[in-house]
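These numbers come from a predicted model, not from an experiment.
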Amino acid sequence: MTLLIRNGRVIDPASMQDSVADILIQDGKIADIRPQMQEPEDRQAVQIDAQGCYVMPGFIDLHVHLRDPGFEYKETVATGAAAAARGGFTTIVAMPNTKPAADNADVISYVHNKAKNMTKINVLQAGAITHKMAGEQLSDIEDMVRAGSPAVSEDGKSVMNANLMHKAMKIAKRLDIPVLSHCEEKTLLNGGVVNEDENAVRNGLPGISNLVENMIAVRDVMLAGDTGAKLHLCHCSTKESVEIVKLARERGVRISAEVCPHHFTLSSDDMITGDTNFKMNPPLRTKEDVEALRQGLKDDILDVIATDHAPHSKDDKNDSMLRAPFGIIGLETAAALTHTELVLGGYLTPMQMAQKMSFHPARVLGIDKGSLQPGKTADIVIFDPEKTYEIDASRSASKSRNTPFHGRRVTGAVRVTIAGGEIVYQAEKY
């Protein structure tokens with residue numbers, strides 16, 4: 001199949017190209033990139049006029065919950081991949097807190113094989129650090145990596161046993177894979193469900209302090225510094241996390257860190273009382289924390305934007321703030337929120353957006369993606385920076401609808417997503 005993308009603003013973080021050009025795609029690869037290309041020899045070629053749009057490497061999400069196997073009523077590999085395509089993501093990393101947990105090569109292979117049969121989106125399954133995610137003994141990390149796992153994580157919780165985490169990091173260092181760390185000191189949780197602030201007091205809800213995140217972030221930075229492992233901090237939400245990452249990098253720790261759109265867009269002041277679509281972990285923090293995260297992204301201290309896409313059924317979320325599960329969906333809204341809040345807000349350039357949503361995540365994983373150079377796999381997103389609309393959760397490709405952004409007005413929309421040289425999503429009305 002031959003594709004020709006014409007007249008787009010090509011934004012390639014790998015080469016720092018930012019100019020209007022055409023991109024020729026043949027046999028799943030980028031064949032050529034230059035201005036005003038001649039008509040392709042293949043008369044069956046599909047041509048896309050991308051005038052006025054950004055043409056970027058396909059987005060890469062390091063933090064997705066597909067709920068498959070075990071919780072397919074919330075999401076499946078197929079529906080999660082469809083949501084990814086609508087959001088411009090061509091590669092996603094699934095977290096291991098499934099049932100059974102992705103703590104062995106068989107589950108890793110199950111997810112990978114299922115994805116290959118159902119979608120062109122690249123689905124990579126992270127392996128659990130400990131057996132059954134119970135925090136008591138290490139999984140066979142090496143076997144999971146042989147099965148294709150690109151990283152290990154205990155997402156949804158921290159490995160509280162520092163000795164086990166230290167051993168896991170030594171193995172990860174030897175295998176040259178990142179450790180994706182959900183930073184949560186559970187002994188400080190005290191049943192918390194929202195940020196510990198005046199809003200929690202007013203609503204009579206137990207709070208989660210910044211210390212819950214900061215304590216494990218510091219511990220894992222120290223373990224990574226000692227072992228030389230690649231540490232990636234998931235869903236940073238506190239102002240202190242920004243400082244922790246900055247200091248760790250200055251001291252030579254191999255560290256990267258992500259922020260989710262809900263944490264750089266909303267604060268605890270935005271929560272609607274009793275609406276569990278505003279319940280996520282880590283919780284929405286204060287406006288001061290939000291501003292620190294935005295500045296951390298602007299200054300390239302925080303180098304990745306990820307979604308923590310966490311689908312739940314309507315019945316799951318239709319409960320009290322105390323009992324409803326944490327989490328919101330995010331694959332289809334991430335790019336629009338990033339563009340609206342950070343690019344139009346003056347925090348990021350379009351190039352930085354492409355870096356944090358594609359190039360840097362590829363570097364974290366050590367995969368040959370995040371580039372629009374000739375010879376690379378044609379994973380591409382065409383993004384319209386002018387389209388303004390209201391987010392409509394009812395139209396989501398996900399099985400779930402749990403988002404606080406329904407009805408929110410944003411500017412910027414994914415127009416076309418191309419994975420492996422094939423169009424996997426094309427927006428209506430273009």
Any Lys/Arg nitrogen of [X] or [Y] sitting under 4.0 Å from an Asp/Glu carboxylate oxygen of the other?
X: Arg146; Y: Glu142; value: yes
X: Asp22; Y: Arg34; value: no
X: Arg294; Y: Glu341; value: yes
X: Lys356; Y: Glu258; value: no
X: Asp303; Y: Arg363; value: no
X: Asp18; Y: Arg9; value: yes
X: Lys239; Y: Asp289; value: no
X: Glu291; Y: Lys298; value: no
X: Lys399; Y: Glu75; value: no

Please check: side-chain N/O of [X] versus main-chain N/O of [Y], any donor-acceptor pairing under 3.5 Å?
X: Ser139; Y: Ala128; value: yes
X: Lys317; Y: Gly327; value: yes
X: Asp68; Y: Val77; value: yes
X: Glu184; Y: Ile216; value: no
X: Lys376; Y: Lys369; value: no

Scan the side chains in residues 159-171 for donor-acceptor partners under 3.5 Å anywhere in the protein, sequence neighbours excluded, and list what turns up.
from   : atom 1 : to     : atom 2 : distance (Å)
Asn161 : OD1    : Asn163 : N      : 2.9
Asn161 : OD1    : Leu164 : N      : 3.0
His166 : NE2    : Asp226 : OD2    : 2.7

Check: [X]/[Y] side-chain N/O donor and acceptor closer than 3.5 Å:
X: Asp61; Y: Thr307; answer: yes
X: Asp392; Y: Ser394; answer: yes
X: Asn402; Y: Asn277; answer: no
X: Thr286; Y: Glu288; answer: no
X: Thr91; Y: Asn122; answer: yes
X: Asp269; Y: Asn199; answer: yes
X: Gln17; Y: Ser19; answer: yes

Plane angle bin for His182 and His235 - parallel if under 30°, tilted between 30 and 60°, otherwise perpendicular
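His235 vs His182 ring planes: perpendicular.
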Working to the nearest 0.5 angstrom, can you tell me the gap between [X] [atom1] and [Y] [atom2]?
X: Ile60; Y: Leu365; atom1: CD1; atom2: CG; result: 7.0 Å
X: Ile11; Y: Ser358; atom1: CD1; atom2: OG; result: 11.5 Å
X: Gln352; Y: His360; atom1: CD; atom2: NE2; result: 9.0 Å
X: Glu390; Y: Phe405; atom1: CD; atom2: CZ; result: 14.5 Å
X: His312; Y: Lys74; atom1: NE2; atom2: NZ; result: 4.5 Å
X: Arg408; Y: Leu337; atom1: CZ; atom2: CG; result: 6.5 Å

Any heavy-atom pair between the side chains of [Y] and [X] that's under 4.5 Å?
X: Ile305; Y: Leu342; answer: yes
X: Arg249; Y: Val253; answer: no
X: Gln373; Y: Asp12; answer: yes
X: Pro13; Y: Pro57; answer: yes
X: Ile25; Y: Leu4; answer: no
X: Asn214; Y: Ser241; answer: yes
X: Arg285; Y: Asp197; answer: no
X: Phe71; Y: Leu66; answer: no

Show the nearest heavy-atom pair for residues [X] and [Y], with the distance to one decimal.
X: Met95; Y: Ala126; value: CE-CB, 4.3 Å
X: Tyr389; Y: Gly412; value: OH-O, 3.0 Å
X: Leu233; Y: Ala217; value: CD1-CB, 4.2 Å

Side chain to side chain contact (heavy atoms under 4.5 Å, CB included) evaluation trace for Gln36 with Arg6:
CA-CA 8 Å; Gln36 299 178 330; Arg6 289 198 179 276; over 6 Å; no
Arg401 vs His406, test: side-chain hydrogen bond (donor to acceptor under 3.5 Å, both in side chains). Steps then yes/no.
CA-CA 9 Å; Arg401 302 289 182 266; His406 177 71; over 6 Å; no
Give the C-alpha distance, both sets of side-chain angles, the deciding distance and a yes or no for side chain to side chain contact (heavy atoms under 4.5 Å, CB included) between Thr79 and Ser398.
CA-CA 5 Å; Thr79 59; Ser398 171; 5.7 Å; no
CD (Glu250) with more than 12 external heavy atoms under 6.0 Å:
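Counting neighbours around CD of Glu250, more than 12 heavy atoms of other residues, nucleotides or ligands fall under 6.0 Å, so yes.
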Is it true that atom NZ of Lys120 has more than 12 heavy atoms of other residues, nucleotides or ligands lying nearer than 6.0 Å?
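Counting other residues, nucleotides and ligands, NZ of Lys120 stays at 12 neighbours or fewer.
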Does Ser153 form a side chain to side chain contact (heavy atoms under 4.5 Å, CB included) with His63? I'd like the steps, not just the answer.
CA-CA 10 Å; Ser153 180; His63 196 154; over 6 Å; no
Name the residue from Asp270, Leu284, Ile328, Ile391 that meets the side chain to side chain contact (heavy atoms under 4.5 Å, CB included) definition with Pro404.
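With Pro404 as partner, Asp270, Leu284, Ile328, Ile391 yield a single side chain to side chain contact (heavy atoms under 4.5 Å, CB included), made by Ile328.
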Salt bridge (Lys or Arg N to Asp or Glu O under 4.0 Å) between Arg395 and Glu428, intermediate numbers included
CA-CA 12 Å; Arg395 300 185 65 191; Glu428 301 172 3; 3.3 Å; yes
Step-by-step side-chain hydrogen bond (donor to acceptor under 3.5 Å, both in side chains) determination, Glu136 to Thr130:
CA-CA 7 Å; Glu136 296 176 356; Thr130 68; over 6 Å; no
Decide yes or no on side-chain hydrogen bond (donor to acceptor under 3.5 Å, both in side chains) for Glu185 and Ser158, but give the supporting numbers first.
CA-CA 7 Å; Glu185 173 51 75; Ser158 288; over 6 Å; no
Set out, in order, the CA-CA distance, both residues' side-chain angles and the distance that settles side-chain hydrogen bond (donor to acceptor under 3.5 Å, both in side chains) for Asp103 and His131, then state yes or no.
CA-CA 6 Å; Asp103 64 353; His131 180 58; 3.2 Å; yes
Give the C-alpha distance, both sets of side-chain angles, the deciding distance and a yes or no for side chain to side chain contact (heavy atoms under 4.5 Å, CB included) between Thr98 and His65.
CA-CA 8 Å; Thr98 51; His65 297 270; over 6 Å; no
